[in-house]
2 protein chains.
Amino acid sequence: MEPARAAEVASVGTEMPEQCARCSVRQFTVCAPLDAAEMRRLTEIHRFVELEAGAPITEEGQPADHVFSVSIGSVRLYKLLSDGRRAVTGFLFPGDLLGLTSRDRYACSSEALTAVRLCRFPRRPLESLFADIPKLERRLLAMASNELAAAQDQMVLLGRKTATEKVASFLLQLSRRQEARLLPGDPVSLPMGRADIADYLGLTTETVSRTITQFKTTGLISLQPQGRVALRDRAALEECAEG
Amino acid sequence: MEPARAAEVASVGTEMPEQCARCSVRQFTVCAPLDAAEMRRLTEIHRFVELEAGAPITEEGQPADHVFSVSIGSVRLYKLLSDGRRAVTGFLFPGDLLGLTSRDRYACSSEALTAVRLCRFPRRPLESLFADIPKLERRLLAMASNELAAAQDQMVLLGRKTATEKVASFLLQLSRRQEARLLPGDPVSLPMGRADIADYLGLTTETVSRTITQFKTTGLISLQPQGRVALRDRAALEECAEG
DNA sequence: CGGTTACTTGATGCATATCAAAGAGGGTGG
DNA sequence: CCACCCTCTTTGATATGCATCAAGTAACCG
């Protein structure tokens, strides 16, 4: 047994793995409510997975053997129609959960949008833990409920908002999600391309681009290097977003 | 103690209330996995609520004090934009759950679409039961996951399907949901009006009407009394639905 | 620095919205 | 029991927001 692990071994059952102790989004993940001993139980079954930008993570319809928690980076969730049309059903950021389903198949395909680090939990062992750690199941239910509420907002956006309202809502959504992770809400970083945004909002890349240009022209936002967007007039954007 | 109750009294803790024993959709509801003793625990806190068509059930943003299970009838879920535009986020049928949220406010407004009977559970006592009946929480998580998968399908529909595809998908969805309740999948009954369908599909009533007329003309469906739709060519509808 | 991909901008077209009005049920009261 | 009225649905004519088609421009990468 190598010296580097001595401390860990000395505290079996009470200390969590170093990587988790250092995890910057633990308080927002599925792990949030767990104490050190429970964390240890959970980490007995998990594995870290690192992927580069563009790598596939899950494929719609394939066996849902794992649940993932995004640790670093961003992920795009999507579904395809038979003729190739694509709908992006969501973007995931650190702390978000991926692959939760009650069926035995993934509901969506997903790909790394940037380089990502994921915590991967095999599903059966994870579900077995529910019996010993009810907090874990409680947490998953809360996260699923939140996702459901977000999905309903997205349905309103897709079904009843104009292109301008959609793009404004999108920028504000990303801003709020940054704030939820205790990051500044401005500038907003856009790790995804215009095509991803378009497929998420039910628009075309051209319309997204034109709308962003319009916001830029009217002084609501300004574009910064590396896909960052500064919100110059948040109140006006909020106004835009609601109609 | 009246004779009619003798059998029930003789088996306290093992028999479920008569109304639940007779419930035609119990196997599809939150109650599905519970045994008689657990059912009794659950029914200690629930109350039956009967409402006539059009009655409000929940209002978006109001305190989420209760969770409901639809027992008889249909419900429409919706959200409003500030200028009055409406998005219907879902229709509920017997067995479906209403009002599940991890926040303290309802995410959607809801109204009875027909006369309905609901089982109403006060939220705090319900959550207290989770500790004693883990199956209950497991069941809610499964139901929430299913709703999430349905919400993702709806996002694809709203964001990327044409009017024809939307209406075809809608008819098939209702048909499948009837089948899931072990009812015939054909004819499909439409308890909601064209305006509800339009707000659910991100269309106008006129477009919904025209599309239905077109399906009728091309022999894919035929309209029957009381808002029933016979699926004359299911395969062609499926084809329509996917593009 | 050249090649490639992503983004932006412009011109045109179409699917669906909007505006308008005529049928069709469905319930109620005479 | 029928006639009327109200609401919902259907149908028609026109308008428009966004898609599509088509270049041009900027950003990125090797």
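We name chains A, B, ... by the order of the sequence lines, and we start the count at 1 in each one.
For the ring-ring contact (aromatic ring centres under 6.0 Å, His included) condition, the pairs that include at least one residue of residues 198-230 of chain B, sequence neighbours left out, are F91(B)-Y200(B), F170(B)-Y200(B). For residues 142-157 of chain A, the salt bridge (Lys or Arg N to Asp or Glu O under 4.0 Å) pairs, not counting sequence neighbours, are D153(A)-K79(B).
With no hydrogens or angles considered, a side-chain donor-acceptor pair links T58(B) and S110(B) at under 3.5 Å. R177(B) and Q173(B) are linked by a side-chain donor-acceptor pair at a separation below 3.5 angstrom, with hydrogens and angles left out of the test. Looking at Y78(B) and E60(B), their side chains never bring a donor and an acceptor atom within 3.5 Å of each other. S222(B) and K216(B) are not linked by any side-chain donor-acceptor pair at a separation below 3.5 angstrom, with hydrogens and angles left out of the test.
Ring geometry, H46(A) versus F48(A): the interplanar angle exceeds 60°, so the pair is classed perpendicular (tilted spans 30 to 60°).
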Distances under 3.5 Å only, N/O to N/O: pair up the protein atoms with those of nucleotides 13-20 of chain D.
from, atom 1, to, atom 2, distance (Å)
dA13(D), N6, R210(B), NH2, 3.4
dC18(D), OP1, A163(A), N, 2.9
dA19(D), OP1, T204(A), N, 3.3
dA19(D), OP2, T204(A), N, 3.3
dA19(D), OP2, T204(A), OG1, 3.0
dA19(D), OP2, T207(A), OG1, 2.4
dT20(D), O4, R210(A), NH2, 2.9

Which atom pairs link the protein and nucleotides 24-26 of chain C when you take only N or O atoms and keep those under 3.5 Å?
none

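With axes fitted over five pairs at each extremity, the angle between the ends of the helix from dC1(C)-dG30(D) to dG30(C)-dC1(D) is 40° (10° resolution).
The existence of a salt bridge linking E165(A) and R85(B) is confirmed by a sub-4.0 Å separation between a basic side-chain nitrogen and an acidic carboxylate oxygen.
Per the geometry, CZ belonging to R194(A) stands 12 Å off P belonging to dA27(D), to the nearest Å. Straight-line distance from the CZ atom of R228(A) to the P atom of dC7(C): 16 Å, rounded to whole Å. The CG atom of L223(A) sits 10 Å away from the C1' atom of dC7(C) (whole-angstrom rounding). The CZ atom of F215(B) sits 14 Å away from the P atom of dT11(D) (whole-angstrom rounding). Distance Q214(B) CD to dT9(D) P: 18 Å, rounded to the nearest Å. The separation between Q224(A) atom CD and dC7(C) atom P is 17 Å, rounded to whole Å.
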Exercise for review: With salt bridge (Lys or Arg N to Asp or Glu O under 4.0 Å) as the test, would you mind laying out the steps for D196(B) and R76(B) before giving the verdict?
Suggested key: CA-CA 8 Å; D196(B) 291 325; R76(B) 114 183 111 229; 2.9 Å; yes
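Residue contacts for I197(A): at a heavy-atom cut-off of 4.0 Å it reaches no nucleic acid atom on any strand shown. Residue-level contact check: S209(A) touches the bases, meaning some heavy atom is under 4.0 Å from a base atom.
Here R103(B) pairs with N146(A) under the side chain to side chain donor-acceptor pair (under 3.5 Å) rule; sequence neighbours left out.
Atoms OG and CG, from S189(B) and L183(B) in turn, are 8.5 Å apart once rounded to the nearest 0.5 Å.
Contact annotation: T205(A) side-chain N/O to dT8(C) OP1/OP2 distance is not under 4.0 Å.
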